[in-house]
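Working notes, structure below.
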Amino acid sequence: AELALSRDLYAAPRHPYTGALLSAVPIANPRRGRGRSAFVLGGDVPNPINPPSGCRFHPRCPRAQDECALTDPPLEPLVAAHEAACFFPLEKWPLTAEEMRRPALGASPDDEAEPLAVAPAPS
């Protein structure tokens, strides 16, 4: 879903799946970890034998649009040495509280997990 130098990937992930993965990584420093928000994905993990059409992540992606269900996005350069296969890549990191609450394309409200509520990160 994404190719970048590790420092760029950790500092500014562009694919929503990468962002969700990185938000789940524990931070050993309690002061830094306490102020983080985690992006909890709702819905079910797609079946690898019968994957969904289009972008494989679209059923769980809060940024997905109709195009994502129809077409598999190509891996494209977004900034120098950073590529992502996403029609609607993340512009900033971490995700906003609104983006973390947004339901995935075609998901019912019962399928969605609630994001973890934590205080904003200290400066």
Side-chain angles (χ1 to χ4, degrees):
E2 187 163 2
L3 292 173
L5 296 173
S6 58
R7 69 171 184 261
D8 296 336
L9 187 76
Y10 281 93
R14 299 303 176 134
H15 196 283
Y17 181 67
T18 309
L21 289 174
L22 292 178
S23 77
V25 174
I27 295 178
N29 181 330
R31 284 187 176 169
R32 289 184 57 214
R34 195 176 310 128
R36 249 182 33 161
S37 296
F39 172 43
V40 180
L41 297 173
D44 295 324
V45 176
N47 181 339
I49 295 172
N50 186 21
S53 62
C55 176
R56 302 306 188 248
F57 184 59
H58 88 265
R60 303 183 76 200
C61 183
R63 302 193 69 135
Q65 304 291 320
D66 292 337
E67 178 180 8
C68 303
L70 301 172
T71 308
D72 194 15
L75 190 63
E76 295 184 325
L78 300 172
V79 293
H82 199 145
E83 299 178 356
C86 185
F87 294 120
F88 306 99
L90 303 174
E91 289 86 34
K92 59 188 178 316
W93 182 252
L95 293 173
T96 65
E98 178 186 335
E99 285 180 305
M100 288 192 280
R101 284 191 302 270
R102 191 176 302 148
L105 182 66
S108 71
D110 296 337
D111 290 342
E112 294 303 310
E114 289 295 319
L116 300 177
V118 294
S123 305

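This one's a predicted model, so the numbers in the text were calculated from it and none came from an experiment.
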Task: CG-CZ distance between D66 and F87, expressed to the nearest 0.5 angstrom - done: 12.0 Å
TODO: Kindly compute the distance separating CG (L78) from CG (D8), expressed to the nearest 0.5 Å.
DONE: 11.5 Å
Task: Other ILVMFWY residues reachable from L75 by side-chain steps of under 4.5 Å - done: L3
Open item on the list: My understanding is that only residues two or more places apart in sequence, or in another chain, count here; which of them pass side chain to side chain donor-acceptor pair (under 3.5 Å) with E83?
Closed with: none
- [ ] For residues R14 and L9, determine if any side-chain heavy atom of one lies less than 4.5 Å from a side-chain heavy atom of the other.
- [x] no
- [ ] Begin with the C-alpha distance, continue with both residues' side-chain angles, and end with the deciding distance and a verdict on side chain to side chain donor-acceptor pair (under 3.5 Å) for Q65 and H58.
- [x] CA-CA 8 Å; Q65 304 291 320; H58 88 265; over 6 Å; no
TODO: Identify the heavy atoms of L22 and Y10 that sit nearest to each other, and give their distance.
DONE: CD2-CE2, 3.5 Å
Taking only distance into account, with no hydrogens and no angle test, what donor-acceptor pairs under 3.5 Å do side-chain atoms of residues 48-56 form with protein atoms, sequence neighbours excluded?
| residue | atom | partner | partner atom | Å |
| --- | --- | --- | --- | --- |
| S53 | OG | A69 | O | 2.6 |
| R56 | NH1 | P52 | O | 3.2 |
| R56 | NH1 | G54 | O | 2.8 |

Open item on the list: If you define the side chain from C-beta out and look only at heavy atoms, does anything of C61 sit under 4.5 Å from C68?
Closed with: no
Open item on the list: I'd like to know if E91 pairs up with R63 as an ion pair, taking the criterion as any Lys NZ or Arg NE/NH1/NH2 lying under 4.0 Å from an Asp or Glu carboxylate oxygen.
Closed with: yes
Open item on the list: A side-chain contact here means heavy atoms from C-beta on lying under 4.5 Å apart; do Y17 and R60 qualify?
Closed with: no
